[in-house]
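Please read all numbers here as calculations on a predicted model, not as lab measurements. The basis for the numbers below is simple: all heavy atoms, side chains too, and nothing from hydrogens, waters or symmetry mates. A, B, ... follow the sequence lines: proteins, then strands. Residue 1 opens every chain.
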Amino acid sequence: MRSFPRLSLGFLLTVSACAGTTRPPQPQTTAPVSDAARRTDPPAFAPLAGQDVPVRAAMGPGKVQLEVRQAIFTAAWTAVRDKDFDKALVDKEWAPLRSKYEPLAMAAPDEATFYRLVNEMMGGLGQSHLEVHGPGETPEEDRPEPQASSSQAAAEVIVVGMGTGDPGVIVREIERKATVFSVRPDSSAARAGLRPGYLVTHIGGRAVADLPTSVRALRPVEERFRLRRHAARLLSGPVGTKVSVRFIDGNDQPHETMLVRDPADRPSVQVLLMPPIVPEVRTTHAGDVGIVAFNFFLLQPILAEVQKAIESFRRSGAKAIIFDLRGNPGGFGGMAIPVAARLVSREMSLGTIQFRDFANTLAVAPPLDSKPFLGKVIILTDEGSASTSEILAAGLQETKRASVVGDNTVGAALGSTIEALPGGAVMQIPVAGFKTPQGIAIEGRGVQPDRRVLETRAALLAGHDPVLDEALQLAHSAR
Amino acid sequence: MGPMIALFALLIAVDAGTPVTPNAPTATSVAAPTLRDAKVVLADYAKAIGDEKLWKKHKSVRVKREVSVKAMQFVSQEETRVVRGGKILGESQMPGMGTFRRGSDGRTVWAEDPIGGLRVLKDAEAEDVQLGAAWNSEWHLAEMYAKVISVPPPKTAPTGQPLECVELHKKKGQPTTLCFDGSKHLRVWEQGVQASQGGQVPYATRFSDWRPVDGVQLWHHEVVTVGPVTMEGQIVELKFDEPFPANLFALPRKK
C-alpha cells in the first residue's frame, strides 16, 4: 500500500477571501447580501487571541519588542519570498522593499506604526490578499471615539458582552456619497430611524469620507470598496457598545443618533485562522424567480444551504435564479465549484488557479447525486463583490451560463493562505493567481457586468433596489 | 478535485533501525556512485520492511492518522480502511469543510467531497487510488508499475545520506520517484504528480518514524508538501482484521 498524498489540501486551504486591495490594508469589508439582514463581515483574519502583546513603548520599542518585531518581519518577508505566486515580481521587488522598510518598521514608535509600515511594504507588490496583522496593532477605526466629536459617545462605550456586533446598517458610496444601503430589520439602526438612501457623514465622531491615505493611486471601484470597508469597521465593535452616527435624512435634514452594536442573531463559525464569521444565507422568491444571497463562501454551513436553495428553486419550477453576491468578499475558493456544478449540465471550467509551480483548473461537473438547475442564472455584483465571488461570476459569465448585473467588482481575485507568524501575528499570502477560461486575470480588473446598473439615492429612498429590479426584468425576459 | 486523504503510510522493515529523522540537518547530497538496478533496489526495500508473509496473514487494516498544517494551525483526522482484493475507503474529516472520501470496491473507483460532489474516478485519478489499495504493493512495486528505472536523487530530495532512487512509471499517470536510504533501504522520499479533477498536482513526501507493526516496518510520520502548503501526517492508530460492512467500499448510492 502506497502513501497517498493529500493532493488537494493545498488548494482546499486556499482562501479567496479578499482582505483588501488598498493600503494600508486592514481587515476586510462588509458583506451586504440582500435586502434585509445584512451583517457586518468580520475581517478575513485577525491577530491570534491569547498571544502575548508586546508592551507599547512610549518613547520607542524596547528590546523585547524589537525581537518580536524582527521575528514577525522576517517571517512575513520570508513567507512572501517563498510562497507568493508571482515569483518574477517577488524576485525583482521584494529585496529592495525590505531594504527600504525594515529599518523604518523596526524603528517605529509603536506597534500600529510597525504594522502599517510592514503592510506598506507588502503593498509595494500591488497585490490583493497580502497583509499582516498582529497584537498591538490598533487600526485607526478601532480607537475609541474622540470625546470632542460626540458628547455622549466616548463616555457610553461599555462592553457588555463578548464578540463583535454592529448596529445593522450597511454604508456604501452611492453617487459619490456615503449612503445607507440597507438597514437590518429590528436592528438598532432601524429603531433609530435610519433608512436606505440616508447620507452618513460621521460614524463614531469621524468623517466617513476621511479615509486613511493610500500610498498608491486607486481605481474608482477600489475607492468605493475602501469606503465601504472603512464604514463597516467604524460601525463594528464589541457587542453592546455604542457608536454615534451623523446622517442626513430623506428631507436633507441633519441628525445625530447613538446606535448600539447588536449581537449576531445566529452562531458564528470559525475556520482556519479566519475570525468568527456569522454565516448568512437568505432565499426569497419573486414570482417564479428564486433569489439567494449569502455573505461568505464557506463549505460549512453555507454551501449546503445554497445547494438546498438551488434544489428548492429547481423543484418548484423557477425560471431563473438570482445570486446576490453584492458585498460578498469571497471565502473558500473551492466553493465556487460546487455552486457552479448545480447550474450546469456538462463539464466546464471556471478558470485556472496558478500556483508558483503548478496550475489547476477549476473543473466543474454536474455531480452524480443531484440534478442541476438549467434555467437562467443572474449574478448581482457591486464593489464589495470580491475574490471567490469574482471567480464564480467571471467563470459563469464567460461561459455564457450567467449574466452579471450591477456594478464592477473590485478586482481582488487571488488564492491565498492565512498563516500564523511569531508573536501572535497573522498573515495572508497570495499563493495563486486566477484567470478565467479565456485567460483573463480578474485581479486588478474586476468582473464587468453585462448590465451595469448602479443604485441611486433617490431609488433607495423610494424603497427600490435598481440592481435587483434590473435582474428581475432580465429574468422575466428569459421566458 | 480529489480528497486530501492520506491513505497511509505502510512501511516495514525486518530490521527496526533508527528512524529516519524528518528534519535532520542537511549536508551535501551523497548519491550512490553507481546506480543499481531498480529491481534490486526495490527488492532490498522489500526485504527491509519485513517478510511479506507476516503481512499476508492479515485480511484488512484500518489506519487513523492526524494531519496537521502547522502554519495554519489546522488539524484534521483521516481514516483509511483497506481490504485485500483492492478495496479501500479513505475519509478525511476537515474542520469547517466537511468530509472528503475516496474509495474503491475493487471495481469502481469513486470520490465524494463537498467540492467535487460524488464522482466516479477514471484514468490516472482512478489508477492512483487503485495503487493505494493494492494489498501487498510494498513487496511488489517492480511488478505493479509499467516500468521501473533507477535514477539519481532529485535535487529536491533530502541531503546528508546516500539515497537510491527509482522512478516508477504508472500505466496512465505521471511517474513517481521513490528514494530509499542507501544503507537501511527504507523509503525516505517520494515525489510525483498526482492526478486530480483539476489537473496534475505535484507533491513531495518525506517519510520517517519507522515502527514495527506486527512484524513489519511501517513509517508513521510523513511530511507532504503540495505547492505552498506543508502538512504532516502521523499515524495514531492501526488495527488489523476488523470486520467492515460489505458495502462500505462501494460507490455511494445517489441521494
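With a threshold of 4.5 angstrom between heavy atoms, Ala359(A) approaches chain B through N, CA, C or O but not through any side-chain atom. In this structure, the portion of Pro95(B) lying under 4.5 Å from any heavy atom of chain A is its backbone and not its side chain. Proximity to chain A (any heavy atom under 4.5 Å) is shown, for Val120(B), by both the backbone and the side chain.
When each of Val223(B), Val224(B), Val75(B) is checked for a side chain to side chain contact (heavy atoms under 4.5 Å, CB included) with Glu232(B), only Val223(B) meets the rule.
The side-chain heavy atoms of Glu112(B) and Asp369(A), taken from C-beta on, include a pair separated by under 4.5 Å.
Ring planes of Trp94(A) and Trp77(A): parallel class, angle under 30° (limits at 30 and 60°).
Chosen from Pro367(A), Pro338(A), Ala304(A), the residue pairing most often with chain B at heavy-atom distances under 4.5 Å is Pro338(A).
Residues meeting the salt bridge (Lys or Arg N to Asp or Glu O under 4.0 Å) test with Arg342(A), sequence neighbours left out: none.
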